[in-house]
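Scroll down for the structure; my scribbles are underneath it.
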Amino acid sequence: MGVSMTTIMDAILSAAVAQHGGEAAHAAVAASHGVTGPLWIGLIPLLPLLGVVLVTLLACFNEKSKMPAWISVGLLAVSFLLTLFAYLGWNGHDAIHLKLWDWIGLSWGDLRGQTLAAGFAFYFDGLSLLWMLFVTGLACLIGLYASEYMEHDAGLGYCRFFAAFNLFVFSMSCLVMGDNLLMLFLGWEGVGLCSYLLIGYFYKKKSAVDAGMKAFVVNRIGDLGLLMGMLLTFTTFGTLQYDALFNQIHTGLTAGGTPLSQTWQVWAIPLLLMGGAFGKSAQLFFYVWLPDAMEGPTPVSALIHAATMVTAGVYLVARMMPLYLADPAHIALTAVTWGGAITAFWSATIAVAQFDIKRIMGYSTISQLGYMFAGLGVLATTGGVFHVFTHAFFKATLFLSCGAVMHGFAGQLDMRKLSGLWSINGFRVVVIAMLIGCLNLSGFPFTGGYFSKDMIIAEAFVTPDSVIAGSSWAGWLLLLTAGMTAYYTFRVFFRVFVGPVVYEPGEDLHAHDDHEHADAHGHGHGHDDAHDHAAEHFHPHGPKWAINLVLTLLSVGCILSAGLYFLGDHHGWAGGMVHASSAVVDTHAVEGGEEALLFGQPPHEIMFYISAVFGFGGILLAAWFHGPKGIAGLLIGGRTTAAEVRMDPIAKALRPISTWAVRKWYVDEFYHLVLVTPLKIFAHLFHWFDKLIVDGLVNFFGATPRVSSDAIGESTQTGVLHDYALRMVAGIAVVLVVVVLVLF
Amino acid sequence: MLVLLILLPLLFGVAVLLRPPAAAKWWALGGTSLCLAIGAMLVGRFFANASPDVPFQAQGSFAWLPALGLNLSVGIDSVATLLIGLTLLLGPICVGASWTAIPQHRARLFYGWLLVLQAAMVGVFAARDLLVFYTCFEFTLLPMFVMINEFGSTNRHKAATKFFLYTFTGSIIALAGLVYTAWAVGTRATGVDGFTLDIATLTEHASHVLTAREQALVLLAMLCGFAVKVPLFPFHTWLPLAHTEAPTAGSVILAGVLLKLGTYAMYRFVLPLVPHAVLEHAPAVAILAIIGIIYAGLICWVQTDVKKLVAYSSVSHLGFCVLGLFALNSAGVTGSVLYMLNHGLSTGALFLLVGFMYERYHTRDMREIGGLGAKMPIWSTFMVFFVMSSVGLPGLNGFPSEFLCTMGAFISHTGWTSGAARHVGATWGPLGPWFGFAAGTGVIVAAIYLLAMVAKMVWGTLREPAVHHGEHDHHAGGPHLPVDLTAREIMTLLPIGVLCIVFGLFPTQTLIGAIESDVNAQVAFVHERSGEAPTEHEAHFAQQEHRQQRDAGRDEQIAGVKP
């Protein structure tokens, strides 16, 4: 059946394409040496786009059912299956090409670098396949989850949500599957738009609108780097198409014939691209938008701001690895390593002090993205990419579990007001899913997160400091962060999910939906005193089948992802995928890497023990400080209420520092002072300058003739003809004198 | 066909005046729609017959005063064709947008002038000699003056006067420059018999006969006119005022087409007539353009009047357009031409949206009104869509133009090398990567101010002025409008929206491919001619020789007549 379906799709698409790019597609195939893919590959991104159209149509007819969700989930499922087909039909080493039409193309000569040709074309190698598998798969599952999570907003809001959701998957597919940097940019900006729309989904809430705008603008700053990097790539290599670009880099020369190592572009381009990557992936100076992005509905946080979109930066760096490796001094790679490691540590320091469980997950996403970048930086592309994959699963699980809590407790996310979910009816699945996610995130032995993180940290010790400056120091920093990660992860788990049952409902946007619920249950009470009564009458509602099913599937996915480590002969399945892509790093080329030792042992082996120690240490600390009394607190915890824990006196003793950590080190305030305020002042200055000076001058010239004629008008209008004649002659004389003076 | 497109709106304009006021808008709609249909045929035929060897089609000429060398001639190349297409498309849309906003008893005045304006705008793009060009160029002022002065809002008289005087003063100086060029060609160029205003002849000879100093002065004169029209910083202050006060249709035409007259004139005259001076002074113009991009963008950010915000955004956007032109390479000029069209679409649509909102609430102050997302979902959807097109989101029409302009500026530099590195992707031109970078920062600013506008107008809690349409149905504005957009209003926006997507996803098949050969030829021409200008001595010599030849020719003629 699958075959016949794809044949039909093939026919439909080929008819559509034949008009536009048929000829051009032919030419492109002749030029590149990969495999031409079947046309149905084009459906992978186009189906979600169809979803956008259908959902928009539903919105036009003011559909109130869950139809938008089913359409989206159905189309995304087909997209996922097609991706799976593509993966299964892939020969395992050659890139698959498919060009649908010429997108932006112009030519001003026949020489190299005189043609800009960016096709609406796709490029499938191991890297893009790996990404697409989890993007479409997770999108489908999270769409299903959202069908229940967003049910309160059935109607226009529901349609808006799923339209943006589908548009996101389309953009993300273009980003990952694009065959040139401009296609990547198309997806890059597209996911930015969807992120903007979905963060600001609760658009009546000012904080949500501001957060959306912040995300878009901060990303745009990074995008400037990407744009400039792209243009510099074009001037250096004369192309933006991946294959042509990598072939050129492979020769070690610019398209003009200069050895790459002698140019400044060889480090400038990767640094600029890194700017774009750090913006999208919330690293270093750019991270500030991601925590605020948690204002969006939780499925969005799970899909966009944890599992997929934020890894776009990692994808970009991995994709452009040949460019990064071309620089003999590895300047950009060192920057990537340290940028990632510092961000990992920095955001962990913030995460340990927060009380909002969703924000903690947000900071931990930033931190884990830091790991991925550090992995790429220390040449552990396999580790970095594998971590992207495992992280996608366990972080989606964590967010969706938090979302289920939020959904059930009217938006409550404060860990001081929630405790003991295990003992509340209907939350068992959530707690188990959360536990599996937490174990993965904290790097508990034999979980997927454990293997992927170890590959990164161990490689940091393998790669000599002479290649990547301070690589082993970055490794120690990442190890320390691993301990902190385990601590803050289980801090959440011990406080919220086990222990005595205590809860207080939240009061954010879901609150009004719960009133409706209450009304439906016959509790009907007026709007004014609704809130006072809400706490008394409040019954947490456990998730229904859709959320439970998705959480179960994702938990299974988390567990299975660990098994991928043992598949294939290139350090696991991810290694095999990376090996068949541009991200592959020939580690043998790194001198001195082979004999690196840590405590007298090869780092990759001893790291299993060291990181396990750090992981256990973190969990035990969390149990001691935050765990409840009894077996759930591993017998060492002592918490009996929701609000008070053993950490409190210590936090009090560390007062200034702990407060700063809670206030996120005042980075937002700093940016506001240094960037936003001056810019705003300039804007106001310009506005006044424009009004007073620029326009004032115009008005001045405009007023001069009138004022001067008013001044001399009365006395000169004598009505005597020869007076006028005299003045006319005088005027002509003046003009003549001026002309003569100027010309001669 | 071209002449028909100029005369037909005039005829319909007369019809509008002769028919009763109630029929005015129907006649206007019929006239503009008919023109659009003919225009569609024209565009279709042009591109069906397009070939690089015959850049101009549909040529026609009428000898007006042959003794003085004055002809009226028309003809279109691909760039002009596309701009005519844009003009004709906006025609019915403007009528549709004014359907209820213009009170019936004054409808004849409004629609009559609207049709005249359309004829004048088509005339500018179709002109193949300076006489037609300049007549039409200036004649656009009059209808627009009336539209602002008679149908604008509170401050309309000041706005109309300023608009008229400012642009008129500039144009007069530009005319001086153009006439000087014509004089120089007429008196110096070999093979030119007497004074001519024919654009093809001028283009062919001007750069050979004007000295470097003359070229610089002519450039200055032309910029006086065209830079005001564009408008380029610091000659932009008439624009926010005129836009804010103009009726919706006026704003749409102003942003959509009238501003493009300036950039089109730059493309048609400034670049080929005085290439030497252009190459020399391009960085200066580009710097003004970049200042405009950032400066106007930041001003947008602190506006409280939403229409003024969109108006200032035009200043910022047109900066990209000028930057691309003065990059003097194919990428930049292509981007610039694309920008002329795409800015017309997306900013035109934004003005329509602001107009529809204004018609309901009679305020443009974002402190009074906002958070319309819940109340006007259709309006809000269109708003977000066109803002994204304006921000330059890839996949929509703004991106290809903005990207190519930035790219054009970035790669327009042959010399920026490190050591021996030769830059294959760099092309001949006067700008360089720093220009591209500076323009790129404008993209960030655009995101800031446009999203801030969306945040105020669309998102947030609903804010409405104390008195809104519900309470004054007696207002002269005509019938009561529903809360959200009507089918008529949606029909004005929908074609623009469709084009935004088509031009965004298929720019190569629709626009770039259409203009590629003309733009490449233009760039090659400028490249070839910018190298050297005649010295003053040579120019003087050429002039004397030309006079002798002409005298000789006359003698021969006389001699030939005598026997």
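Letters A, B, ... are given to chains in the order of the sequence lines, protein chains preceding strands, and every chain is numbered from 1.
With sequence neighbours left out, A/D210 forms a salt bridge (Lys or Arg N to Asp or Glu O under 4.0 Å) with A/K206.
Interface residue A/V209: only side-chain heavy atoms are found under 4.5 Å from chain B. Neither the backbone nor the side chain of A/D223 comes within contact range of chain B; no heavy atom of the residue lies under 4.5 Å from a heavy atom of that chain. Using a 4.5 Å cut-off between heavy atoms, A/I221 touches chain B through backbone and side chain atoms alike. Residue A/L106 touches chain B through both its backbone and its side chain, counting heavy-atom pairs closer than 4.5 Å. Only the side chain of A/L197 comes within less than 4.5 Å of a heavy atom in chain B; its backbone stays farther off. Only the side chain of A/L182 has a heavy atom closer than 4.5 Å to any heavy atom of chain B. With a 4.5 angstrom heavy-atom cutoff, A/L156 touches chain B only via side-chain atoms. With a 4.5 angstrom heavy-atom cutoff, A/I104 touches chain B via backbone and side-chain atoms both. With a 4.5 Å cut-off on non-hydrogen atoms, A/K691 does not touch chain B at all. The part of A/F120 that comes within reach of chain B is its side chain, from C-beta onward, which places non-hydrogen atoms under 4.5 angstrom from that chain. Neither the backbone nor the side chain of A/T56 comes within contact range of chain B; no heavy atoms are under 4.5 Å apart.
Comparing B/T334, B/L505, B/T461, B/L393 by how many heavy-atom pairs each has under 4.5 Å with chain A, the most go to B/L505. Chain A forms more heavy-atom pairs under 4.5 Å with one residue of B/V391, B/T406, B/N329 than with any other, namely B/V391. Annotation: maximal heavy-atom pairing with chain B below 4.5 Å, among A/W188, A/W108, A/F216, occurs at A/W108. Per-residue counts of heavy-atom pairs under 4.5 Å with chain A were compared for B/G371, B/P507, B/G436, B/A296; the largest is that of B/P507. Top candidate by heavy-atom pairs under 4.5 Å with chain A, chosen from B/F235, B/Y312, B/W238, is B/Y312. Residue with the most contacts toward chain A among B/F233, B/Y166, B/F399: B/F399 (heavy-atom pairs, distance under 4.5 Å).
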Please step through side chain to side chain contact (heavy atoms under 4.5 Å, CB included) for the pair B/I515 and B/L338, ending with a clear verdict. CA-CA 9 Å; B/I515 59 172; B/L338 257 59; 3.8 Å; yes
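The side-chain heavy atoms of B/I501 and B/F385, taken from C-beta on, include a pair separated by under 4.5 Å. Looking only at side-chain heavy atoms (C-beta outward), A/F185 and B/F403 stay at 4.5 Å or farther from each other.
Residues A/Y196 and A/N219 have side chains that never bring a donor and an acceptor to within less than 3.5 angstrom of each other. Side-chain polar atoms of A/D102 and B/T508 form no donor-acceptor pair below 3.5 angstrom.
Counting heavy-atom neighbours within 6.0 Å of B/F525 CZ, excluding the residue itself, gives a total above 12. Counting non-hydrogen atoms of neighbouring residues, nucleotides and ligands closer than 6.0 angstrom, the CZ atom of B/R213 reaches no more than 12 such neighbours. With a 6.0 Å radius and a threshold of 12 heavy atoms from other residues, nucleotides or ligands, A/D110 has its CG atom at or below the threshold.
Smallest separation of non-hydrogen atoms from B/G297 and B/V445: C-CG1, 3.5 Å.
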